[in-house]
Asks: 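Take a look at the following structure, please.
Only a predicted model underlies this, so the values are computations on that prediction, with no experimental measurement involved.
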Amino acid sequence: MKTPICDFLRDYAAQEPVRLHMPGHKGTVHAEDITEVPGADVLYASSGIIRESEENAASLFGAARTVYSAEGSSLSIRAMLYLLALYARERGETPRILAARNAHRVFVTTAALLDIDVDWIFPQDGNYLACPVSAEALDARLCESRPTAVYLTSPDYLGNLADIAALSAVCRQHGVLLAVDNAHGAYLRFLPESLHPMQNGADICCDSAHKTLPVLTGGAYLHIAEGAPAFFASEAEKAMGIFASTSPSYLILQSLDRAYAFLADGFREALAQSVSALCALKHTLADRGFVLVGEEPLKLTLAPKSFGYTGEGVYKFLQEKNICCEFADPDFLVMMFSPGGGKEDMAQLEDALCSLQRKPPILEKSPALKRPTLALRPHDALLAPSQDLPVSQCVGKVLAAATVSCPPAVPVIACGERVGEDAPAVLQYYGIDTLNVIREPLIP
């Protein structure tokens, strides 16, 4: 398999040139860490080795155009929203997106910066990390009004998968685009039956390659489907370049390039083995009495309160056994797997979890949050003078910026929304102690 970026970097380092260019370590930290020297191509103005590598990836993922990101899916999300805004303006419309509420904070802040109207689909059960959307429910919303696009997060942080094929069919019936944050699901392309958005009708999506593929942290993709508006492919680099660093990491680009050869040869078999092993582990834990959440093949999410523990409690228990998990809150524990880990990892986890003694269930539930009301356009709220205050002092105030940790980076309240009386209990339950709120004008 061709790996044009890897080949160039290896050949350049082998020449041992006098490096009178960036970076300042001059190759002493890593010989293949370079800048845009002649022949290295230019990310977001590509015509050489980067473009060739991206075309390899597009072919592998079944996309009309794939563009690399060295800054994670965050950059790709910003580019997606920019392209959707361009699409709306081209049609003489105000950009408006119908989005599931469990969107990443980058979606929230970018929509605010670009002054895109967002209509939210709220979850029914109050769990802010998951927002299941059925084809019937989406059809009903689209019968009420027609946005520029529908925006979904699938897989979500807990491992829930949306039925992208059914939802994309609804979008097509209404003449609406479908954008998907597939940051956690790049590997879905390589299952026996692809669950990747590109094969299931999405117009545009992002993948964080580094989350589930053998790629350095920061490596990601922006994929554009064959049926997407034609200018998406031609404007994709411009969209990425508006928000991206002009000093991309060639080590990250190299890892994206190298992944192509691995993904095209042998990855499917290794993935199938990992999925099978994790499926067996899930059955063992379910038989043991653990409650499992989500159907994502490479993610294990426990809801351990019924077993007598909080997610944070099991996280600490496993940490003491030198097992470090992806995420925990009072209700859930999230663990991510990949073919990069061995059967020994799963065996060690199984031994640890099966040694956990069952206790009386914890009956406390997460406090319910009423649907926040929008008090100010998010664009204006994000750019308003603001201050950080303890949550207890924020009731009645308007959120300026989404203050939430990453992971999970899903805001409980979005910028421009008013903090209700029920909000402090919810926020403190999830460990959020301060909010960034609009600073009220001083009264003379």
Side-chain angles (χ1 to χ4, degrees), residues 73 100-104 121 123-138 150-170 178 180-202 205-208 211-213 267-268 270-307 311 314 325-329 331-339 341 345-346 349-350 353 407-408 410:
S73 278
R101 181 67 180 197
N102 62 334
H104 193 280
I121 302 172
Q124 298 299 314
D125 61 1
N127 175 16
Y128 83 114
L129 288 177
C131 187
V133 181
S134 68
E136 294 76 18
L138 180 60
V150 170
Y151 184 94
L152 302 172
T153 302
S154 177
D156 65 25
Y157 217 92
L158 300 181
N160 298 295
L161 288 166
D163 188 347
I164 298 299
L167 294 166
S168 66
V170 172
L178 177 60
V180 180
D181 175 353
N182 187 58
H184 283 244
Y187 75 95
L188 297 175
R189 172 67 178 104
F190 306 99
L191 296 172
E193 182 178 349
S194 175
L195 296 177
H196 195 278
M198 285 293 98
Q199 282 71 55
N200 285 277
C205 79
C206 66
D207 291 349
S208 283
K211 284 183 167 63
T212 59
L213 303 180
F267 182 73
R268 292 177 189 273
L271 175 61
Q273 292 175 7
S274 294
V275 169
S276 177
L278 183 56
C279 184
L281 175 58
K282 288 180 178 180
H283 283 300
T284 298
L285 296 176
D287 291 342
R288 179 79 177 174
F290 285 100
V291 173
L292 278 60
V293 176
E295 53 282 324
E296 189 187 332
L298 279 187
K299 189 173 285 178
L300 172 60
T301 300
L302 301 181
K305 280 187 173 179
S306 64
F307 207 78
V314 181
C325 301
E326 167 67 18
F327 168 74
D329 70 4
D331 300 296
F332 302 106
L333 175 70
V334 178
M335 292 157 278
M336 297 177 65
F337 298 82
S338 79
D345 295 347
M346 291 190 194
L349 176 65
E350 180 178 340
L353 288 175
V410 177

Asks: Under 4.5 Å between any side-chain heavy atoms of Thr212 and Leu188, yes or no?
Replies: no
Asks: Measure the shortest side-chain to side-chain distance between Leu178 and Leu152 over non-hydrogen atoms and say whether it is less than 4.5 angstrom.
Replies: yes
Asks: Mind running side chain to side chain contact (heavy atoms under 4.5 Å, CB included) on Val170 and Val150 for me, showing each step along the way?
Replies: CA-CA 10 Å; Val170 172; Val150 170; over 6 Å; no
Asks: Test your reading of the model: is there a side-chain donor-acceptor pair from Asp156 to the backbone of Pro132, 3.5 Å cut-off?
Replies: no
Asks: Taking the side chain as C-beta and beyond, is there a heavy-atom pair between Asn182 and His196 under 4.5 Å?
Replies: yes
Asks: Determine whether Leu302 and Leu353 satisfy the following criterion, side chain to side chain contact (heavy atoms under 4.5 Å, CB included), listing intermediate values before the conclusion.
Replies: CA-CA 11 Å; Leu302 301 181; Leu353 288 175; 4.1 Å; yes
Asks: What are the two closest heavy atoms between Leu298 and Ser338, and how far apart are they?
Replies: CD1-CA, 4.1 Å
Asks: For the pair Phe307 and Phe290, name the ring-plane relationship: parallel under 30°, tilted 30 to 60°, perpendicular over 60°.
Replies: parallel
Asks: How close do Asn200 and Ser194 get, heavy atom to heavy atom, and via which atoms?
Replies: ND2-O, 3.2 Å
Asks: Are the side chains of His184 and Tyr157 in touch, meaning some heavy atoms are under 4.5 Å apart?
Replies: yes
Asks: What distance do Lys299 atom NZ and Tyr187 atom OH have between them, rounded to the nearest 0.5 Å?
Replies: 7.5 Å
Asks: To the nearest 0.5 Å, tell me how far Arg101 CZ sits from Leu129 CG.
Replies: 12.5 Å
Asks: Do Asn160 and Cys131 come within less than 4.5 Å of each other through their side chains, counting heavy atoms only?
Replies: no
Asks: How many angstroms lie between OH in Tyr151 and NE2 in His104, if you round to the nearest 0.5 Å?
Replies: 8.5 Å
Asks: Has Ser168 got a side-chain atom pairing as donor or acceptor with Ala202's backbone, closer than 3.5 angstrom?
Replies: no
Asks: Measure the shortest side-chain to side-chain distance between Asp207 and Arg189 over non-hydrogen atoms and say whether it is less than 4.5 angstrom.
Replies: no
Asks: Would you say the side-chain atoms of Thr301 pair up with the backbone N or O of Leu158, donor to acceptor, closer than 3.5 Å?
Replies: yes
Asks: Indicate the atoms forming the closest heavy-atom contact of Val180 with Ser154, along with that distance.
Replies: CG1-O, 3.8 Å
Asks: With side chains defined as the heavy atoms from C-beta onward, is the minimum distance between Pro408 and Phe327 less than 4.5 Å?
Replies: yes
Asks: Of all the heavy-atom pairs spanning Asp181 and Ala183, show the shortest one and how long it is.
Replies: OD1-N, 3.0 Å
Asks: Roughly how far, to the nearest 0.5 Å, is the CG atom of Asp345 from the CG atom of Leu281?
Replies: 11.5 Å
Asks: Are Leu300 and Leu349 close enough that some pair of their side-chain heavy atoms sits under 4.5 Å apart?
Replies: yes
Asks: Hey, is the main chain of Leu161 close enough, under 3.5 Å, to the side chain of Glu295 for a donor-acceptor pair?
Replies: yes
Asks: Check Cys206 against Ser73 and note the closest heavy-atom contact, atom names and distance.
Replies: SG-OG, 3.7 Å
Asks: Who are the salt bridge (Lys or Arg N to Asp or Glu O under 4.0 Å) partners of Asp331, not counting sequence neighbours?
Replies: Lys305
Asks: Begin from the C-alpha positions of Glu350 and Thr284 and carry the test side chain to side chain contact (heavy atoms under 4.5 Å, CB included) through to its verdict.
Replies: CA-CA 8 Å; Glu350 180 178 340; Thr284 298; 3.6 Å; yes
Asks: Please name the pair of heavy atoms, one in Asn102 and one in Ala130, separated by the smallest distance, quoted to 0.1 Å.
Replies: ND2-CA, 3.9 Å
